[in-house]
Amino acid sequence: MKPFALLLIALCVTAPNASAETYPSWPVVVAPGDQTNPRHTWGRVFWTDGRDSSGTDLYLSTVRSGTPEPFVAAPQWQYDFDVAPDHVPSGPCGFDPHPEPVPNTASMMLVWVDSRSGDLDLRVKPYGFAYGWSAVDTPLCSAPGFQSDPRIVRAAISPDTSWIIGWLDRRNGTDRNVYAQRINNQSVAQWATDGVPVCTIAGFCSDLEMVADGSGGAYLVWTQEGAGIRVQRITDAGTPAPGWPVNGLPLSGATAATAAQPRIVLDGGGGVLIAWNDLRATGSPADADIYAQHVTGSGAVASGWPVDGLPVTTAFQDQSLAGLVTDNSGGAIAVWEDGRNRQYEELSPNYDVRALRITGAGTVAPGWNADGTVVCDRPFAQSNATAINDGAAGVYIAWEDRDGPELAPDIRASHLQGDGQLPITWPAGGEDGVVICDVAGAQTMPSVGYMCNFLLVAWVDERNAATTGKDIYAVSMSPFGRVDVGDIRPAALALGAPRPNPARVGSSTHLDLPEATTVEASIADLAGRRVTTLVGGERWEAGAHELRWDGRDAGGSTVPTGIYFLHVRTGASSAVRRIVLMR
């Protein structure tokens with residue numbers, strides 16, 4: 001890598017957390033009325049905005065420095081929106097691999113439920129890099145009856161970008177079916193007016209989710225009333241893919257009626273992994289479990305997987321699926337809210353957060369607890385969890401966390417690597433997650449995305465509820481659990497700045513200990529992987545010390561140009577410093 005390119009990346013990585021000990025979470029929007037439902041991608045946050053008392057609109061802002069601006073401000077109500085592409089890290093800063101503006105090209109597309117016609121219809125609007133291109137909102141489906149629960153994926157990438165939208169549709173007045181439409185980069189529909197049917201079985205469909213299939217089409221998964229989970233693969237022409245039945249493939253077998261709330265991810269080989277909540281054990285929601293299935297691109301259950309699904313967890317009491325993310329290795333990581341420790345629900349729900357990585361072969365990945373690796377099991381309830389892949393084989397997770405049954409929730413987050421463990425540089429005392437925000441008032445509805453190589457967490461914040469209502473705040477967290485609001489506890493040590501920095505060979509760092517203690521010091525790379533250990537749990541006396549790194553890994557080999565992190569832990573305290581190596 002060229003030195004100047006490294007410096008650009010260093011700036012991108014360093015800037016969001018440059019003043020980690022003092023920089024507070026920043027308000028994305030503080031305005032009259034309620035701002036809710038934050039969703040973000042590519043460093044921009046979208047939300048539903050209630051400042052207009054006649055109906056909600058859709059607003060957006062770039063994080064940190066942006067000014068909130070209306071994205072769709074039309075008569076009546078605009079709400080229930082989805083945005084694509086989703087927040088997937090695909091470049092050096094978590095952005096699209098096409099960073100330069102493309103003339104007349106949309107970088108994002110939103111779809112939402114719109115009531116301006118007096119009915120509930122669907123409309124879309126692109127957000128582009130411009131170059132003279134005018135972005136307007138366009139009707140997507142104006143069929144009779146209500147259209148709701150839209151989901152959107154980017155099916156193809158520029159210069160021939162296209163998008164596929166799926167939704168639930170009540171146009172026949174009696175059923176709620178699944179429909180879809182494909183639009184090009186100028187929001188022009190490519191299939192039949194008002195969309196093509198994906199499933200028209202009598203009854204009510206719900207819980208729709210989607211993922212692009214990587215070949216110009218998409219997978220749609222939903223709950224079919226009385227028939228459990230169904231999945232369909234459609235081509236770029238809006239028809240079932242070869243091998244797939246009309247109205248989709250049923251997944252949950254004889255216990256279908258008791259399955260719901262599916263999540264879906266690609267398996268990297270043309271197929272998908274799907275997980276869902278399942279009541280087959282007793283039929284009672286108080287006994288809900290989580291099952292999963294692996295389906296090939298041709299519509300068959302993957303070899304070795306049970307026809308009726310693989311149990312992910314069948315632990316005592318109820319488990320509720322919160323998210324499913326790819327592990328970028330053919331498998332997936334399921335995240336759920338776990339009630340096995342729940343007692344006296346009315347007084348103390350006491351739900352925890354757990355996760356499990358399942359391989360494409362249906363086995364538990366090495367390092368993970370087969371009964372679910374604990375993400376957080378603090379007393380009282382953890383709820384409303386959300387998850388995102390970490391760009392490798394691991395997962396970031398954020399959730400609402402309570403310190404008491406009557407106390408307002410705060411926001412916490414954690415990072416499990418592909419081996420099910422916290423990064424070696426994780427802050428001391430952060431085993432149950434680091435605090436993202438715990439100011440007065442409730443913090444709810446966490447949403448996760450990326451800003452450079454940092455996790456971006458946004459949420460609905462009620463600190464100003466008495467004056468402006470609900471607002472949107474955000475903060476960034478490094479892969480090592482460092483948050484803009486500082487560490488989860490004051491450091492009982494002083495770690496100086498590495499010198500020189502950038503360095504060509506190695507560097508030294510001053511460490512001041514206020515008392516005698518055990519010291520652990522290690523170097524990690526940008527992904528949080530251990531490069532080498534400098535101090536392995538030795539007891540050092542109080543006073544000034546020097547930590548030296550020669551720019552080599554544990555095997556004695558010279559490490560390449562890049563950004564590295566010095567992590568020091570002393571008992572319950574820890575600190576981190578960045579080191580940039582330029583060979």
Taking all non-hydrogen atoms of both residues, which atom of [X] and which atom of [Y] are closest, and how far apart?
X: Cys199; Y: Gln224; result: SG-OE1, 3.3 Å
X: Asn184; Y: Trp163; result: O-CD1, 3.8 Å
X: Asp194; Y: Tyr179; result: O-CD2, 4.2 Å
X: Asn177; Y: Gly203; result: ND2-O, 4.4 Å
X: Ser148; Y: Val113; result: CA-CG2, 3.9 Å
X: Gly394; Y: Asp390; result: N-OD1, 3.0 Å

Check for a donor-acceptor pair, side chain of [X] on one end and backbone N or O of [Y] on the other, with a separation under 3.5 Å.
X: Gln181; Y: Ala192; answer: yes
X: Gln319; Y: Trp336; answer: no
X: Gln76; Y: Ser115; answer: no
X: Thr359; Y: Thr363; answer: yes
X: Ser476; Y: Leu456; answer: no
X: Asp338; Y: Val353; answer: no
X: Trp368; Y: Gly418; answer: yes
X: Asp432; Y: Asp377; answer: yes
X: Gln421; Y: Gly367; answer: yes
X: Gln293; Y: Pro306; answer: yes

Qualifying residue for side chain to side chain contact (heavy atoms under 4.5 Å, CB included) with [X], from [options]:
X: Asp287; options: Thr314, Thr282, Leu279, Asp278; value: Thr282
X: Val211; options: Leu220, Val221, Ile264, Leu273; value: Ile264
X: Arg230; options: Leu249, Thr223, Val178, Ile201; value: Ile201

Does the salt bridge (Lys or Arg N to Asp or Glu O under 4.0 Å) test come out yes or no for Asp213 and Arg233, once each step is laid out?
-> CA-CA 8 Å; Asp213 69 357; Arg233 184 180 187 183; 3.1 Å; yes

Any chance you could lay out the side chain to side chain contact (heavy atoms under 4.5 Å, CB included) test for Trp276 and Ser252, step after step, and finish with the verdict?
-> CA-CA 9 Å; Trp276 64 86; Ser252 44; 4.0 Å; yes

Ring pair (Phe, Tyr, Trp, His ring centres under 6.0 Å): pairs with one or both residues in residues 278-326, sequence neighbours excluded = His294-Trp305

Determine, for [X] against [Y], whether the closest basic-nitrogen to carboxylate-oxygen distance falls under 4.0 angstrom.
X: Arg116; Y: Asp137; result: yes
X: Asp289; Y: Arg280; result: no
X: Asp82; Y: Arg39; result: yes

Should Asn384 and Glu400 be marked as a side chain to side chain donor-acceptor pair (under 3.5 Å) after you check the CA-CA gap, both sets of side-chain angles, and the distance that decides it?
-> CA-CA 6 Å; Asn384 205 11; Glu400 297 174 12; 2.8 Å; yes

Taking only residues two or more places apart in sequence or in another chain, which ones pass side-chain contact (heavy atoms from CB on, under 4.5 Å) with Ala286?
-> Ser284, Arg342

Apply side chain to side chain donor-acceptor pair (under 3.5 Å) to the pair Asn341 and Tyr351, showing each step before the final yes or no.
-> CA-CA 7 Å; Asn341 296 320; Tyr351 283 88; over 6 Å; no

Side-chain touch [X]/[Y], heavy atoms, less than 4.5 angstrom:
X: Trp399; Y: Pro409; answer: no
X: Val83; Y: Leu110; answer: yes
X: Ile164; Y: Ile152; answer: no
X: Trp222; Y: Val231; answer: no
X: Arg44; Y: Met108; answer: yes

Chi angles and distances behind the side chain to side chain contact (heavy atoms under 4.5 Å, CB included) call for Asp352, Val374 = CA-CA 8 Å; Asp352 303 323; Val374 173; 5.8 Å; no

For Asn389 and Tyr396, run side chain to side chain contact (heavy atoms under 4.5 Å, CB included): C-alpha distance rounded to whole Å, both residues' side-chain angles, the deciding distance at 0.1 Å, then the answer.
-> CA-CA 6 Å; Asn389 171 259; Tyr396 289 109; over 6 Å; no

Quick check, are the ring centers of Phe46 and Phe71 under 6.0 angstrom apart?
-> yes

Does Phe146 CZ have over 12 foreign heavy atoms under 6.0 Å away?
-> no

Could you state the interatomic distance from CG (Asp236) to CZ (Arg182), rounded to the nearest 0.5 Å?
-> 5.5 Å

Quick one: do Arg340 and Asp371 satisfy salt bridge (Lys or Arg N to Asp or Glu O under 4.0 Å)? Show the steps, please.
-> CA-CA 11 Å; Arg340 72 186 68 186; Asp371 208 20; 2.7 Å; yes

Are side-chain N/O atoms of Tyr79 and Asn37 paired as donor and acceptor at under 3.5 Å?
-> no

Audit row: Arg154, Ser162, side chain to side chain contact (heavy atoms under 4.5 Å, CB included) steps and yes/no | CA-CA 6 Å; Arg154 185 170 62 178; Ser162 65; over 6 Å; no

For Trp244, all residues meeting ring-ring contact (aromatic ring centres under 6.0 Å, His included), sequence neighbours excluded | Tyr219

